[in-house]
Amino acid sequence: MNNIFVFCELDEGKIADVSQELLTKGRSLANELNCNLEAVVIGYKLEGIESQIAPYGADTIHVADDKRLEHYLTLPFTTIIVDLFKKNQPQIALFGATSVGRDLGPRVSSALQSGLTADCTSLVIGDHEDKKAEKVYKNLLYQIRPAFGGNIIATIINPDCRPQMATVREGVMKKEIFNKNHKAKVASIEVNKVVTDTDFLVEIIERHMEPRKIDIKKSQVIVAGGYGVGSRENFNLLFDLAHVLGGEVGASRAAVDAGFVDHARQVGQTGVTVRPKLYIACGISGQVQHTAGMEESAMIIAINTDPTAPINKIADYAITGEVSEVIPRLIEAYKKFSK
Amino acid sequence: MKGLKIIVLAKQVPDTRNVGKDAMKADGTVNRAALPAIFNPEDLNALEQALRIKDKNPGTTVTLLTMGPGRAAEIIREGMYRGADNGYLLTDRAFAGSDTLATSYAISCAIKKLEYDIIIAGRQAIDGDTAQVGPQVAEKLGLPQVTYAEGIDKITKNKIIIKRRLERGVETVSTTLPCVITVNATAPECRPRNAKYLMKYKHAKTVTELQGTAEDYIKLHEDRPYLRIPELSVADVQADLHWLGLAGSPTKVKTIENVVFAAKEAKQLTSDQKDLDWLMGELMANHTLG
Ligand SMILES: Cc1cc2nc3c(=O)[nH]c(=O)nc-3n(C[C@H](O)[C@H](O)[C@H](O)COP(=O)(O)OP(=O)(O)OC[C@H]3O[C@@H](n4cnc5c(N)ncnc54)[C@H](O)[C@@H]3O)c2cc1C
Ligand SMILES: Nc1ncnc2c1ncn2[C@@H]1O[C@H](COP(=O)(O)O)[C@@H](O)[C@H]1O
């Protein structure tokens with residue numbers, strides 16, 4: 001059967017968030033297509049790893065466990081996946097759009113002569129009619145992504161080649177436990193039979209990884225600042241508001257580029273995608289590359305001196321005013337109510 | 001060590017970072033004419049890495065390879081002004097509509113016709129942001145790849161040591177030559193044009209560009225062969241039409257939409273304390289807060 005495969009990436013020995021998000025998405029696609037969901041995980045000392053995969057709905061988990069695979073290496077990982085895909089003929093294969101997935105995905109796609117769509121923001125099943133060839137394709141994967149610097153949204157399909165491959169950034173899909181007790185079959189890959197010495201032409205000499213510091217994705221309230229906040233000092237106001245509301249501070253790229261805050265806080269196409277209960281956009285104009293990462297927030301408040309700022313088009317409440325005036329008043333209002 | 005042969009893959013791209021109001025046509029398609037065509041930014045970082053190797057290893061040659069329409073010869077000249085030795089323009093109608101897989105097939109066919117020790121590409125091109133062509137070219141040539149390079153620490157006879165910038169850290173790797181490297185924007189910026197090279201190469205042209213120019217200009221080219229930018233066609237690189245253009249592209253664009261906001265009515269508020277108190281009350285009442 002042509003199943004859906006998700007490449008599960010490891011992040012400090014744990015299955016990465018992005019992979020669990022893709023498993024959740026893969027599960028719902030598998031239900032729609034009436035096929036199974038399979039996961040692949042490659043690494044070292046992976047005993048028990050299935051407990052971080054099965055609950056997200058995988059039916060089969062392929063595990064390649066080998067000392068030489070402790071850290072990601074392009075060639076042996078490609079060899080293992082290409083071999084697995086040739087044997088199993090998946091119809092869809094999903095990878096995280098991380099530094100690993102974006103190194104591995106294209107190499108695998110080239111080896112299989114199959115297409116790959118990078119950085120999808122949405123994946124949907126649909127049909128396609130090729131009028132010229134008078135052919136109708138059923139149940140294709142629509143790979144939807146922004147292109148041209150975010151100025152257009154393209155729907156890409158892969159009518160004839162399999163697997164239909166896509167990468168997706170962290171935070172774009174929702175992560176949800178499918179069933180705590182879901183059982184998966186574990187299939188171990190005989191690494192020695194698949195990889196060869198030439199797969200180890202690249203050697204890691206030194207690695208220096210920093211632990212993840214800030215993760216604003218999990219926050220239910222985000223107070224985000226843009227270039228209009230004006231300075232690093234003014235961002236303290238945003239931290240104050242976020243603090244009283246129990247939230248986190250986010251930012252636009254312009255604010256990050258200007259050095260007002262850390263890159264880890266950037267929201268948008270090249271930052272994280274968030275969907276909190278409340279998003280307060282302070283001095284953010286609302287360019288598509290930014291809104292792509294926050295428009296699904298349940299409630300959006302915009303604070304901007306310009307009443308015609310594009311952000312107001314997606315806001316529920318548009319406050320016309322100076323960030324430095326409005327925020328202290330919001331804090332005061334909150335204190336009145338929470339007393 | 002003897003000089004190395006380096007090929008730099010560079011693409012001419014529309015400047016999507018400076019999309020103005022007239023960049024989209026009324027029908028929602030991209031108005032390419034309104035966008036300046038530029039040297040893909042990370043390909044300049046790639047070129048700089050190649051030039052640094054050349055600085056350290058006399059006898060090294062840096063060759064640009066670009067696939068695109070006739071106009072893309074502009075970036076080959078641009079590269080030569082900064083220190084590249086020559087360049088090839090891979091151009092043919094049959095390439096039109098190629099996705100990344102067909103593009104990397106065409107580029108790999110061209111590379112097979114050239115001499116190389118190292119192939120350096122940019123991480124990604126800003127028109128598509130895919131970052132696929134580098135790894136796919138490496139696969140097609142059966143070479144190891146090192147992506148997200150930020151610097152090259154050392155090259156010996158057949159080993160190269162490269163620093164990579166990942167999401168949350170750095171990694172130093174070594175590999176054998178030949179290999180494919182893709183370079184990040186975090187790598188050093190490309191050096192500016194050099195006045196000497198600008199004088200030397202400002203008349204560099206492709207055959208197509210030479211057509212219809214004055215006779216003495218053509219004579220100048222005959223006297224100075226280094227001014228010739230060779231063009232490569234499908235036939236020149238012996239590529240199989242089956243793997244090129246739309247036919248050779250597994251991915252197809254089904255639809256394209258201009259990004260428009262589904263405007264909803266925002267409730268307008270002033271910055272008066274009264275308005276903000278009211279707003280806070282609303283957020284509490286509908287359980288967004290509290
Ligand atoms: C390929 C690509 C990827 C990108 N990815 C991202 C991304 O992931 N995230 C992202 O955010 N951007 C991204 N961008 C950049 C994006 O296009 C915008 O440039 C950016 O979002 C603008 O940030 P901004 O709204 O803070 O700044 P500006 O557009 O400069 O807007 C500042 C706003 O502040 C208002 N203002 C000024 N002073 C005050 C004041 N005192 N009080 C209140 N309001 C005030 C102004 O009216 C204005 O609306 C990307 C761009 C490209 C090309
Ligand atoms: N048409 C092209 N000609 C030459 N190099 C290219 C071309 N397309 C892509 N590349 C190279 O591949 C890199 C990645 O491109 P992309 O996969 O389109 O993001 C670019 O930075 C270039 O170095």
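Below, each value reflects all heavy atoms present in this structure, side chains not excepted, and no hydrogens, waters or symmetry copies. Numbers restart at 1 for each chain; the letters A, B, ... are given by sequence-line order, proteins then strands.
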| message | Between S114(A) and chain B, with a heavy-atom cut-off of 4.5 Å, which part of the residue counts as in contact: side chain, backbone, both or neither? | response | backbone

| task | Could you tell me which of L104(A), I157(A), I204(A), N158(A) has the largest number of non-hydrogen atom pairs under 4.5 Å with chain B? | result | I157(A)

| task | Compare all side-chain heavy atoms of T270(B) with those of T320(A) and state whether any distance is below 4.5 angstrom. | result | no

| task | Report the distance from atom CD of E171(B) to atom CD1 of I205(A), rounding to the nearest 0.5 Å. | result | 10.0 Å

| said: I'd like to know whether L283(B) forms a side chain to side chain contact (heavy atoms under 4.5 Å, CB included) with I301(A), so could you lay out the CA-CA distance, the side-chain angles of the two residues, the decisive distance to 0.1 Å, and finally the verdict. | reply: CA-CA 11 Å; L283(B) 295 179; I301(A) 298 175; 3.8 Å; yes

| query | So what's closer than 4.5 Å to chain B heavy atoms on I319(A): side chain, backbone, both or neither? | reply | both

| Can you tell me if Y317(A) uses its side chain to pair, donor with acceptor, with the backbone of L269(B) under 3.5 Å? | no

| message | Can you tell me which of R207(A), H128(A), E203(A) forms the most heavy-atom pairs within a distance under 4.5 Å of chain B? | response | E203(A)

| message | Heavy-atom cut-off 4.5 Å, strictly under: side chain, backbone, both or neither for E170(A) against chain B? | response | neither

| said: One thing to verify: whether R107(A) and E139(B) come together as a salt bridge, which I'm taking to mean a side-chain N less than 4.0 angstrom from a carboxylate O. | reply: no

| note | Cut-off 4.5 Å, heavy atoms of chain B, and the answer for V221(A) is side chain

| note | chain B shares the most heavy-atom pairs under 4.5 Å, among Q164(A), K277(A), E322(A), H263(A), with K277(A)

| task | Flag the pair D316(A) and K267(B) as a salt bridge only when some basic side-chain nitrogen lies within less than 4.0 angstrom of an acidic carboxylate oxygen. | result | no

| Which bit of R164(B) comes within less than 4.5 Å of chain A, counting heavy atoms only: side chain, backbone, both or neither? | side chain

| message | Heavy-atom cut-off 4.5 Å, strictly under: side chain, backbone, both or neither for F200(A) against chain B? | response | neither

| message | With a 4.5 angstrom heavy-atom cut-off, is it the side chain or the backbone of D103(A) that approaches chain B, or both, or neither? | response | both

| request: Considering only heavy atoms and a distance below 4.5 Å, find which of P159(A), A111(A), S99(A) pairs most often with chain B. | output: S99(A)

| Heavy-atom distance under 4.5 Å between the side chains of D129(B) and Q269(A), does that happen here? | yes

| Between atom CZ of F337(A) and atom CG of L289(B), what is the distance when rounded to the nearest 0.5 Å? | 11.0 Å

| message | Under a 4.5 Å cutoff for heavy-atom pairs, which residue among A131(B), G134(B), A102(B) has the most contacts with chain A? | response | A131(B)

| query | Which answer fits M209(A), side chain, backbone, both or neither, if we ask what part of it has an atom under 4.5 Å from a heavy atom of chain B? | reply | both

| Between I162(B) and chain A, which part of the residue has a heavy atom less than 4.5 Å away: side chain, backbone, both or neither? | neither

| said: Between D275(B) and chain A, with a heavy-atom cut-off of 4.5 Å, which part of the residue counts as in contact: side chain, backbone, both or neither? | reply: neither

| request: Output the option from V100(A), T78(A), T74(A), T117(A) having the highest count of non-hydrogen pairs under 4.5 Å with chain B. | output: T74(A)

| query | At a heavy-atom separation under 4.5 Å, does D11(A) approach chain B through its side chain, its backbone, both, or neither? | reply | side chain

| task | Go through the atoms of E325(A) and report whether side chain, backbone, both or neither lie under 4.5 Å from a heavy atom of chain B. | result | side chain

| message | For chain B, which candidate among H71(A), Q143(A), R145(A), M165(A) shows the most heavy-atom pairs at distances under 4.5 Å? | response | R145(A)

| field | Distance (rounded to the nearest 0.5 Å) between K336(A) NZ and M284(B) CE | value | 12.0 Å

| remark: Taken to the nearest 0.5 Å, the spacing of K254(B) NZ from Y137(A) OH works out to 11.5 Å

| message | Test side chain to side chain contact (heavy atoms under 4.5 Å, CB included) on L116(A) and T251(B); report intermediate values, then the result. | response | CA-CA 7 Å; L116(A) 167 65; T251(B) 56; over 6 Å; no

| request: Side-chain contact test, heavy atoms from C-beta onward, threshold under 4.5 Å: evaluate it for S174(B) versus V202(A) and give yes or no. | output: no

| message | With a 4.5 Å cut-off on side-chain heavy atoms, are L279(B) and L330(A) touching? | response | yes

| So which part of Q113(A) gets closer than 4.5 Å to some heavy atom of chain B, the side chain, the backbone, both or neither? | both

| field | T98(A) versus chain B, the contacting section by heavy-atom distance below 4.5 Å | value | both

| request: May I ask you to test the L101(B)-S109(A) pair for a side-chain heavy-atom distance under 4.5 Å? | output: yes

| side-chain contact (heavy atoms from CB on, under 4.5 Å), paired with S271(B), selected from T305(A), V326(A), I327(A), V323(A) | V326(A)

| task | Let me see the working for R102(A) and Q132(B) under side chain to side chain contact (heavy atoms under 4.5 Å, CB included), right down to the final yes or no. | result | CA-CA 7 Å; R102(A) 299 186 94 205; Q132(B) 291 174 4; over 6 Å; no

| query | Quick one: what part of S104(B) sits under 4.5 Å from any heavy atom of chain A, side chain, backbone, both or neither? | reply | neither

| query | What is the distance from atom CE of M299(A) to atom OG1 of T288(B), rounded to the nearest 0.5 Å? | reply | 3.5 Å

| Atom OG1 of T155(A) and atom CD of E257(B): how far apart are they, to the nearest 0.5 Å? | 6.5 Å

| field | Which portion of I160(B) sits near chain A, non-hydrogen atoms under 4.5 angstrom | value | neither

| message | For a side chain to side chain contact (heavy atoms under 4.5 Å, CB included) check, start with the C-alpha distance between T172(B) and H208(A), then their side-chain angles and the critical distance, and finish with the verdict. | response | CA-CA 9 Å; T172(B) 308; H208(A) 181 76; over 6 Å; no

